[in-house]
Amino acid sequence: MSTGLYGIIHSNRTAKDHWGKNCFNSSFPVAMGCYMLDNEIPAIYNRLEIEDGRPVVVSSEISFANVFKTGNRSFEEIEFRFESAFDPYQKYSFDDIGGIDLVVCSTEGAYLSPLEVKMTVMPTSDTSHLPEEKWGCELVVRPATTSYCAIGMFDAVQDAAADVRGIFENACASIQSWDNDFEMLHKVPRLSACIDAFEKTYLHLQKPFLMQTIWKTDGQSPILAENAFDVIIWSDFAFSRLFVDDATEKKKTMSRQMRASARMARCLWELSKSAKIRVADIYRQMAFGNQTDREFSVQGPKWRRYVSSNLIPELRLKKDVINQIIEPGYLEKLQPERRFDQTLYFTTISSPPAL
């Protein structure tokens, strides 16, 4: 039975599930990725480079074959598993690592790529008043995202565990209590410096981690812009800068970014010692009075500072690409409950709402 979405043939979601609440906003980006793969349209690639001795996020391009790690496989040979565990990472944790937004597998069962998937609108309310070239998106990040990022980083360097331990040992071994706000407030800048040193050393091992699909509207109206879509892939190292860069700022209390940096440093250090940790315990213990269901968020102006691609002001995929990504008759299955659903509904099915 057809899913109605480009390239998604085998999935752990039913054809009906793809169009349901909390599913379409991850199924649609994957279908767009399949479309771009088939049409040889690369994604924007946010990756980390070292400039003047400092880690800096820069934009280039990457093919979706390298994002999904599908090689020469056809869509018939690929399975997309949503909100599933990337089983090769389970060996690094005593407890359940939980699921990530997307696990790409071969139909023969080979695990290919774990990815976080975000669907974000441009502009945000705090950038809509700016010139269009300065419009931005908002990213809301879950704790599971940063834990998968840390485990994935260690997986790439597992053969150099002793060297990784050497980077973190002095800073981490001196910590008496990882859940003590006062102690950690003063230790996080040093831990962030360790992450800097780690990323400088293993820069060549960064890999695609977060797939951010952007949809653009005419200002803050619910109508898609003519140039409506594009995709940014963040490497794991580039993604980490969204919180590590802020963790060195002097604050009176532990910020969410400082918490995320401390958690990542602890994961990498403990993995370097024994190659196995208790992920859930680390994230539960190190709450520091903040809610545990959200790690941190990145607002539009800050997001724009990390996205240097000159493609952002004029996204590459036109709004009518929807008719190629979504099969005829399937848009009607949407229930316009969330903003992207509403925009598709108003743009392609019904007349625009009266202002």
SB check [X] [Y] (cutoff 4.0 Å):
X	Y	answer
Lys302	Asp246	yes
Lys273	Glu169	no
Arg142	Asp101	yes
Arg73	Glu79	no
Glu270	Arg278	no
Arg13	Glu83	yes

Could you tell me if [Y] and [X] have a donor-acceptor pair between their side chains, going purely by distance under 3.5 Å?
X	Y	value
Thr14	Asp17	yes
Arg266	Tyr283	no
Asn66	Ser63	yes
Thr124	Thr127	yes
Asp181	Thr253	no
Arg47	Ser60	yes
Asp38	Tyr6	yes
Ser2	Glu327	yes
Gln212	Trp234	yes
Thr145	Glu116	yes
Tyr306	Asp245	yes

Using atom types as modelled and distance alone, determine if a side-chain donor or acceptor of [X] lies under 3.5 Å from a backbone N or O of [Y].
X	Y	result
Ser93	Asp96	no
Ser26	Cys23	yes
Ser59	Ser309	yes
Lys200	Gly53	yes

Taking the ring centre of each residue, are Phe64 and Tyr35 less than 6.0 Å apart?
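Not close enough - the centres of the two rings lie 6.0 Å or further apart.
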Ring centers of Phe68, Phe80 separated by less than 6.0 Å
yes
Can you tell me if Lys276 has over 12 outside heavy atoms packed within less than 6.0 Å of its NZ?
yes
Quick check: are there more than 12 heavy atoms from other residues, nucleotides or ligands sitting under 6.0 Å from CD of Glu40?
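For Glu40, atom CD is not crowded (no more than 12 foreign heavy atoms under 6.0 Å).
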Following the transitive rule for hydrophobic clusters with a side-chain heavy-atom cut-off under 4.5 Å over Ile, Leu, Val, Met, Phe, Trp and Tyr, establish whether Ile50 and Ile195 coincide in one cluster.
yes
Cluster check Leu311, Trp303: I/L/V/M/F/W/Y, side chain < 4.5 angstrom:
yes
Give me the ring orientation class for [X] and [Y]: parallel if the planes are under 30° apart, tilted from 30 to 60°, perpendicular past 60°.
X	Y	answer
Phe237	Phe198	tilted
Phe239	Phe243	perpendicular
Tyr89	Phe86	perpendicular

Start with the C-alpha gap between Lys216 and Asn227, add the side-chain angles, then the distance that decides, and say whether side-chain hydrogen bond (donor to acceptor under 3.5 Å, both in side chains) holds.
CA-CA 7 Å; Lys216 184 178 180 181; Asn227 290 69; over 6 Å; no
4.5 Å side-chain heavy-atom contact, Asp281 and Phe94
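Side chain of Asp281 against side chain of Phe94, heavy atoms only: no contact under 4.5 Å found.
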Criterion ring pair (Phe, Tyr, Trp, His ring centres under 6.0 Å) on Trp19 and Phe24, from CA distance to verdict:
CA-CA 5 Å; Trp19 303 91; Phe24 183 72; 5.2 Å; yes
List the atom of Leu115, the atom of Ile100, and the distance in Å for their closest heavy-atom pair.
O-CG1, 3.5 Å
